[in-house]
Amino acid sequence: MTIPYDPHSIEAKWQQYWMDHQTFASSIDRQKPKFYVLDMFPYPSGAGLHVGHPKGYIATDVISRYKRMRGFNVLHPMGWDAFGLPAEQYAIETGTHPRETTQKNIQNFKRQFQSLGMDYDWSREIDTTDPAYVRWTQWIFRKLYEKGLAYLAEVPVNWCPALGTVLANEEVQDGKSERGGHPVVRVPLRQWMLRITAYADRLIEDLDVLDWPEPIKKMQREWVGRSEGAQIFFEVCGRDGDRIEVFTTRPDTLFGSTYLVLAPEHPLVKEVTTLEQRVAVEAYVGEVSRRSDRARMAEFGKKTGVFTGGYVLHPVLGTKLPIWIADYVLATYGTGAIMAVPAHDTRDYEFAKTFSLPIIEVVAGGETDTAAFTGEGVSMNSDFLNGLATPQAKTQMIDWLEAHNKGAKTVNYKLRDWLFSRQRYWGEPFPVIHLEDGTTKVVPESDLPVLLPELDDFRPSGEFEPPLARAQEWKEVIDPETKQRAIRDANTMPQWAGSCWYYLRFCDPSNQEAPLSIEAERYWMPVDLYVGGAEHAVLHLLYARFWHKVLFDLGIVHTNEPFQKLLNPGMILGYSYRYYDNNLSDDPSVTPRICPSSDIVFEGETAVHKESREEMKARWVTANDVRWNEQSQPIHPTIDSIVLEEVTEKMSKSRGNVVNPDDVIEEYGTDALRLYEMFMGPLDKGAPWSSESIPGMYRFLQRAYRLIKGDGNEEHSLAPLVDGTGTTEQARLTARTIQGVTHDIETMGLNTAISKLMVFARDIAKTDSLPRVSAESFVRLLAPFAPHMAEELWEMLGHSTTVAWQSWPDYDPALLVSEEMTIPLQVNGKLRSKIQVPADWTKEQVVEQAQQDTKLQELLQGNAPRKVIYVEKKLVNFVV
RNA sequence: GCGGGAGUGGCGGAAUCGGCAGACGCACAGGACUUAAAAUCCUGCGCCCGCAAGGGCAUACGGGUUCAAUUCCCGUCUCCCGCACCA
C-alpha cells in the first residue's frame, strides 16, 4: 500500500511556501527579457467565483509559469475593479457601507485565487477604490479635461425611476434595467462626455498591428463605424438661407433622389412644416418621442412617417423634392437628415412603396421594380455621370458639389462620444468645481484625490440628483484662486474609469509621484498577453485603448497600443433543468398547473401549452434537486411524470447550475481542478462543465505521484532512479514529450499538452526503470499545470529550491528521428495493411517491400497496379 | 435580416501544407487484488454483419474535385456569438 496522494496537505504546504518566500515577486531586471501577462480586472462580486471564472486565470497562470521557466522576467499581477453598482445597491438595502462590502468581497476573491495556486505577485495588488489609486484616475481625468477631451453636455440618458439612478447602456436590456427588470426612460441631463470620437481613425487603424482575434477587431471597427461619403446641401423652398444638409455614402445616386427625410427631432422640422401639415407633424413627433426602444424594435422594418408640406430644391436639377419626417432616420447619426434614393436603398425603397413616392433608377444592374439595388454598377439617368462606374461617379459628383459649393466630401462615424458620468455614490468623484459665476474648474493636482464624502444614506434623491449632492459640507467649497463660492461636481465616474489604466499601475503600483514611472513603463509595457472574456470586445477594450492613446500623446506611455496579444477564453457552461407552469405572476398561494417542456410550443417569444394555448412560464430545478428515472431521464424533484428538459447555458444563480470551485478543491484539490479546466478543450471554446470528469485528473496526478515516489510508504520514499537518460526508448519518449508539450504550450494547445503528459506517465511506467533525466523533465513539464504536485515531486527528487524557477527541460533533436517507420498500405485509398521499414528507405525500396506484403498480394491477385502513389515517409497507395 | 464561428463515438475532445479518423480523458463492461467494499491495476469499448478471421458503413445532410476529403469547392439544415433602420 502506498500512501495515497493527499492534495490538501501538499497544496497548503506549497501555497504557504510561495507566500513565505515571495516566490513570485517581480522587479525590473534588464538582464532578462520581460513578459507581461494579464488577466482582465475582476469585479469582486458578493457571490465569489464559480468554476467558469478561473478558466482564463488558470491559462494565464500556466503561461506565466512556463515563461518564467523559459527565462523571462514575468509580470503577472492581480487586482480589483472594485467600484460598481452591486455594492451600492446592497448598501441601499442594508445600510452597510459599500467600502465594507467591497473589502469583504475582495478578501473572499483573494482567498479563492490563492487557493487556486496562482502565481500572482501580490505585492502589486491594486484596488480601484483605494484613495492612492483614485488620485491618479482623477489625475488622468484632469489631463483629459485640459486637452479638451472631457466636456459637459446635455444628452439623453437612461434613467431608471425605480432604482433612482442613471444606467449605462450596457446595464439596460430591452428597455428594462438589467438588475430587477424595472422600466428605463430616456431623459436629457447635463453630463460629462469624453471626446473618444477624436480618436476614431486611430482606434481603427492601429488595430492592424495587434495580435487579436479577428472577430474582436472586426467588432471594434464596426463599432467605430467609419464611413466615407459626402454632405450635400439642399436649399429649402421659400426660405432664403435655410438649407438642409444630408450625409450620404452614395453621392453618385443624387439624381435618383426623390424626396428628403428628416429625423423627427431635427431642428428644422418646425421651420419647414406648413400650416396644413402642422397638426399631423406634431402628432407624429409626439408619438415617436413616447415610443419606447422596445416598441420600435418590435416594429422593425415597418416604415412610418409624415409629409411636412415643405420642399427643397435638387442641387443639380433645381427640381422640387418633398420633405418628410420619419423615425427610420436617426437624429444622432450624420446630420439627422437623408436624401432618399428609393431605387438604391432598401429602407428608402420600403418607405417609398409605403407612401407611393416616385422611384428613379440611376444605377444599372438591378431590378428596381421589385427591390432596391444597393450594389455598385454603371450610372444612368444621371446627366454628367452617365456611363461612369460607381467609384468614379462618386468622385465626379463630389467634385461637382465642391465646385458649386453645394456639398463636400466628409467622413462619418457610428461611434458617439462617451457618456462618462453616473448619478451614483460608489465611484470616483469628478475632480471638478462649479463656480458661482458659472465657470467650471478642475481641482489642482496638489488637492487630489477628491474623496467621497461619508454618507449614512446612499439612496439617490429620486429626481436626477446624485447622492453626493446631499453632502452639503463636502459639496460647498471656496475656490482658493478667486475666493468665489463654488460647489463640487456631484457626479461619479463609471466603473470603466478604473479599468482604463490599471494595467499601467501594475507596473509601478505604489508610486506617489506619478501614475507610474517612465522607467517602469518603458520596461514592462506593453502587455504581451491579455486574457479575458469576449463580452468586453467593444467596451472596456475600446475605452482603455482610447485612454492609452491620450497618454501616449502626453508622453506618459511609449506604445500606442496597450495590449499586444488578446485571447478570449470560451465560457464554461452549466446544465440547467427546465419545466413550465402557468403561475405567470409568481403568486405563491396558487397551485399552478405544470407541464414538461415537451408540451410547450412557442408563439414568437411566448411559451404556450401546445393544446390549451395557455401561456406558460419556465421554471428551473437546481441540479442537486433533479432526480433521475430508470431511463436516465432527469425528472422533477417530486413529480415523477414531469421529465425535465436539459439545457446548457451560462452558469448563473437563478438557473441553479453554478458549481463552486471551493467544493471541487475540497474534494479533489486545486491541481485536479486546474488540470480539468485546461483539459476540457481548446481555451477559446466553451464547453459544459462536468464534475464527473475530475476524478480522471485526480487519477493522473496520483499516477504521477506514485511514479516518482515509488511503492515505498514512508514519507520520504523515492522510486529507484537510474542516473542519466536511460534506454534509447526512454530517452526518445522523454524527448518527444518535451518537444510536444513545449510546442502545445506555445500554440496555446493546453489540452493536448496535458494529454501528452498523460501518455508519458503511462508509457514510462511500462518501462522497467525510471531514469533521473526523465523524472526531472516530467516534473518540470508538469509544473505550470499542477504546480503544487510538481513542487512536491521536485522536493522528493532531492531539490531544495522551488521548481517554479527551474529552467524548462531541453532535449536532443536527434532523438526525435526514429530508425524505423510504419508505412500504411492502401488499395484505392483504403487502408489494407501496414509495413515496417527503415526510415531512410527510398520510394523504390518501400514500394518493392510493400508488394511483398501477403495481404496486399492477396488483394492484387497478381495484377500490376495501374498506378502507385508514394507519399514521402507517409504511405503507399495502389490504384487498380 | 446582415456578419462571424461551429457541427467528429454515450460525453468532453484529438487529428486539417488533403495522406492510418476517433489520441487523451470521462462514462460503461469484464477481469485482478480483497472476507467484502472503496481505492488501485489490467483488458475491452464508433456503428452493423460475423464464433472468429474478416468485411461493410461512418466526421450534420446532399453533391463535386482527387489515387486519396473531417480537411478543398457548391448547395441545404441546425446550434452559438455579434450587429441590428448608422443613410
Side-chain angles (χ1 to χ4, degrees), chain A residues 1-2 4-5 213-216 218-219 222-223 225-227 229 246-250 253 261 263 296-297 299-303 326-330 332-341 344-348 350-351 374 412-416 534-535 537-538 568 570-571 573 632 648-649 675-676 679-682 684-700 702-703 706 740 749 751-759 761-762 765 822-834 855 865-880:
Chain A
M1 254 306 274
T2 47
Y5 154 52
E214 236 9 89
I216 303 282
K218 190 157 182 264
M219 279 160 72
E222 281 171 7
W223 190 266
R226 180 191 161 96
S227 58
V246 306
F247 173 72
T248 178
T249 54
R250 294 295 300 269
T253 62
V261 188
R296 278 183 65 149
M297 242 137 81
E299 294 166 18
F300 179 78
K302 233 163 106 189
K303 295 287 178 288
D327 69 352
Y328 83 89
V329 174
L330 307 174
T332 47
Y333 181 74
T335 57
I338 60 149
M339 65 174 206
V341 185
H344 304 290
D345 181 282
T346 317
R347 298 148 302 182
D348 297 343
E350 285 166 12
F351 192 80
T374 58
N412 249 302
Y413 302 92
K414 282 193 217 175
L415 183 71
R416 313 281 150 80
E535 65 273 20
V538 286
N568 304 123
M571 204 172 323
L573 307 168
S632 305
T648 43
E649 53 184 7
L675 280 173
Y676 175 61
F679 188 69
M680 284 175 83
D684 54 358
K685 275 173 76 183
W689 178 264
S690 138
S691 294
E692 301 83 68
S693 295
I694 296 189
M697 303 300 118
Y698 181 84
R699 281 195 281 269
F700 164 63
Q702 186 139 1
R703 271 200 300 278
R706 207 170 36 235
N751 52 333
T752 49
I754 293 170
S755 93
K756 289 180 173 101
L757 291 171
M758 290 171 166
V759 170
R762 179 194 65 192
T822 306
I823 298 292
L825 307 181
Q826 294 185 337
V827 176
N828 290 338
K830 286 195 172 161
L831 177 73
R832 293 302 175 188
S833 185
K834 287 181 186 181
K855 184 76 202 299
R866 201 151 56 85
K867 200 171 167 190
V868 180
I869 289 149
Y870 174 66
V871 183
E872 186 72 19
K873 298 184 193 299
K874 276 273 173 62
L875 58 64
V876 184
N877 188 14
F878 293 89
V879 186
V880 294

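All heavy atoms count here, side chains included; hydrogens, waters and symmetry mates do not. Lettering of chains follows the sequences in order, A, B, ..., and the numbering in each one begins at 1.
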Open item on the list: With a cut-off of less than 4.0 Å, is there a side-chain N or O of A/Arg703 near OP1 or OP2 of B/rC41?
Closed with: yes
Open item on the list: Under 4.0 Å, counting only non-hydrogen atoms across every strand here, what does A/Thr249 touch: a base, just sugar-phosphate, or nothing?
Closed with: sugar-phosphate
- [ ] For B/rA14, take OP1 and OP2 only and decide whether either is under 4.0 Å from a side-chain N or O of A/Asn751.
- [x] yes
Open item on the list: Can you tell me which nucleotide in B/rG19, B/rA87, B/rA14 comes closest to the side chain of A/Thr752?
Closed with: B/rA14
Open item on the list: Can you see if the side chain of A/Thr822 gets near the phosphate of B/rC20 - specifically, an N or O under 4.0 Å from OP1 or OP2?
Closed with: no
- [ ] Evaluate the side chain to side chain contact (heavy atoms under 4.5 Å, CB included) criterion for residues A/Thr253 and A/Met339: first the C-alpha distance (whole Å), next the side-chain angles of each, then the deciding distance (0.1 Å), finally the verdict.
- [x] CA-CA 10 Å; A/Thr253 62; A/Met339 65 174 206; 3.8 Å; yes
- [ ] Have a look at A/Gly225 and say if it touches a base, only the backbone sugar-phosphate, or nothing, with a 4.0 Å heavy-atom cut-off.
- [x] nothing
- [ ] Please tell me which of the listed nucleotides, B/rA23, B/rA87, B/rG56, lies nearest to the side chain of A/Arg832?
- [x] B/rG56
Open item on the list: Taking B/rA36 as the reference, what is the distance to B/rG55 when you measure between their C1' atoms (whole Å, please)?
Closed with: 46 Å
Open item on the list: Can you tell me which nucleotide in B/rG19, B/rC85, B/rA87 comes closest to the side chain of A/Phe247?
Closed with: B/rA87
Under 3.5 Å, side-chain donor or acceptor atoms of residues 870-880 of chain A against the rest of the protein: list the pairs with distances, not counting sequence neighbours.
residue  : atom : partner  : partner atom : Å
A/Tyr870 : OH   : A/Lys873 : N            : 3.1
A/Lys873 : NZ   : A/Ala839 : O            : 2.7
A/Asn877 : OD1  : A/Asn828 : N            : 3.4
A/Asn877 : OD1  : A/Gly829 : N            : 3.0

Task: Face-on cation placement of A/Lys303 at A/Phe351 ring, 6.0 Å and 45° thresholds - done: no
Task: P atoms of B/rG54 and B/rC45, separation to the nearest Å - done: 14 Å
Task: Interatomic distance where CD belongs to A/Glu535 and P belongs to B/rC83 [whole Å] - done: 12 Å
Task: Per A/Met680 side chain, nearest of listed nucleotides B/rA14, B/rG12, B/rA87 - done: B/rG12
Open item on the list: Between B/rG50 and B/rG18, how far apart are the two P atoms, rounded to whole Å?
Closed with: 40 Å
Open item on the list: Taking B/rG22 as the reference, what is the distance to B/rC73 when you measure between their C1' atoms (whole Å, please)?
Closed with: 26 Å
Open item on the list: Return whichever of A/Asn877 or A/Ile694 has its heavy-atom-nearest nucleotide of RNA chain B closer to the 5' end.
Closed with: A/Ile694
- [ ] Could you state the atom-to-atom distance from NZ of A/Lys874 to C1' of B/rC67 in whole Å?
- [x] 16 Å
Open item on the list: At 4.0 Å (heavy atoms only), tell me whether A/Gly229 reaches a base, stays on the sugar-phosphate, or touches nothing.
Closed with: nothing
TODO: Between B/rG12 and B/rC85, how far apart are the P atoms? Round to whole Å, please.
DONE: 36 Å
Open item on the list: Applying a 4.0 Å non-hydrogen cut-off, can you work out what A/Val759 is touching in the nucleic acid: base, sugar-phosphate, or nothing?
Closed with: sugar-phosphate
Task: Rounded distance in Å - OH (A/Tyr676) to P (B/rC11) - done: 15 Å
- [ ] Using a heavy-atom cut-off of under 4.0 Å over every strand shown, decide if A/Ser755 touches base, sugar-phosphate, or nothing.
- [x] base
Task: Atom pair distance, as rounded to whole Å: CG in A/Asp345 and P in B/rG1 - done: 19 Å
TODO: Remember a base hit wins even if backbone is also touched, and classify A/Glu692 as base, sugar-phosphate or nothing at under 4.0 Å, heavy atoms.
DONE: sugar-phosphate
- [ ] Let me see the working for A/Met758 and A/Met697 under side chain to side chain contact (heavy atoms under 4.5 Å, CB included), right down to the final yes or no.
- [x] CA-CA 10 Å; A/Met758 290 171 166; A/Met697 303 300 118; 3.8 Å; yes
Task: Touch class at under 4.0 angstrom, heavy-atom based, for A/Glu214 against every strand present - done: nothing
- [ ] Please state whether the phosphate of B/rC41, meaning OP1 or OP2, lies under 4.0 angstrom from any side-chain nitrogen or oxygen of A/Arg706.
- [x] yes
- [ ] Could you give the distance separating B/rA23 and B/rA37 at their C1' atoms, to the nearest angstrom?
- [x] 34 Å
- [ ] Could you pull out the closest heavy-atom pair between A/Pro688 and A/Tyr676, with the gap in Å?
- [x] O-OH, 4.1 Å
- [ ] Considering only atom C1', compute the distance from B/rC74 to B/rC26 and round it to an integer number of Å.
- [x] 39 Å
TODO: To the nearest 0.5 Å, tell me how far A/Arg699 CZ sits from A/Ile694 CD1.
DONE: 12.0 Å
- [ ] Have a look at A/Thr346 and say if it touches a base, only the backbone sugar-phosphate, or nothing, with a 4.0 Å heavy-atom cut-off.
- [x] nothing
Open item on the list: Starting the side chain at C-beta, find the nucleotide from B/rG56, B/rA14, B/rC20 nearest to A/Pro824.
Closed with: B/rC20
Open item on the list: Can you tell me how far apart CZ (A/Phe247) and OG1 (A/Thr249) are? Round to the nearest 0.5 Å.
Closed with: 6.0 Å
Task: Rounded distance in Å - NZ (A/Lys218) to C1' (B/rG82) - done: 9 Å
TODO: Could you check whether A/Met697 gets within reach of a base, just the sugar-phosphate, or nothing at all, counting any heavy atom under 4.0 Å?
DONE: sugar-phosphate
Task: Short side-chain N/O contact from A/Arg762 to OP1 or OP2 of B/rC24, under 4.0 Å - done: yes
TODO: Let me know the distance between CG of A/Leu831 and C1' of B/rU70, rounded to the nearest Å.
DONE: 17 Å
- [ ] Would you name the heavy atoms of A/Pro213 and A/Asn568 that are closest together and state the gap between them?
- [x] CG-OD1, 3.4 Å
Open item on the list: With a 4.0 Å limit, can you tell me whether A/Lys834 has a side-chain N or O closer than that to the phosphate oxygens OP1/OP2 of B/rG19?
Closed with: no
Open item on the list: Go nucleotide by nucleotide along RNA chain B from the 5' end; which of A/Thr335 and A/Gly681 gets its closest nucleotide reached first?
Closed with: A/Gly681
- [ ] Round to a whole Å and report the spacing from NZ of A/Lys302 to P of B/rG1.
- [x] 19 Å
Open item on the list: To the closest 0.5 Å, what do you measure between CG (A/Asp345) and CD1 (A/Ile338)?
Closed with: 6.5 Å
- [ ] Determine the contact category for A/Pro682: base if any of its heavy atoms lies under 4.0 Å from a base atom, sugar-phosphate if only primed atoms, P, OP1 or OP2 are that close, otherwise nothing.
- [x] sugar-phosphate
Task: Check: A/Lys756 side chain, B/rC24 base, donor-acceptor under 3.5 Å - done: no
Open item on the list: What's the closest nucleotide to the side chain of A/Met758 if the choices are B/rA87, B/rG25, B/rC57?
Closed with: B/rG25
TODO: Compare side-chain N and O positions of A/Arg699 against OP1 and OP2 of B/rA39 and report whether any pair is under 4.0 Å apart.
DONE: no
- [ ] Return no unless some side-chain N or O of A/Tyr333 is found under 4.0 Å from OP1 or OP2 of B/rA87.
- [x] yes
TODO: Grab the CE-P distance between A/Met571 and B/rC81 for me, whole Å please.
DONE: 8 Å
Open item on the list: Just confirming the chi classification of B/rG31, syn or anti, using 90° around 0 as the syn window.
Closed with: anti
Task: Spacing of the P atoms in B/rG13 and B/rC81 (rounded, Å) - done: 16 Å
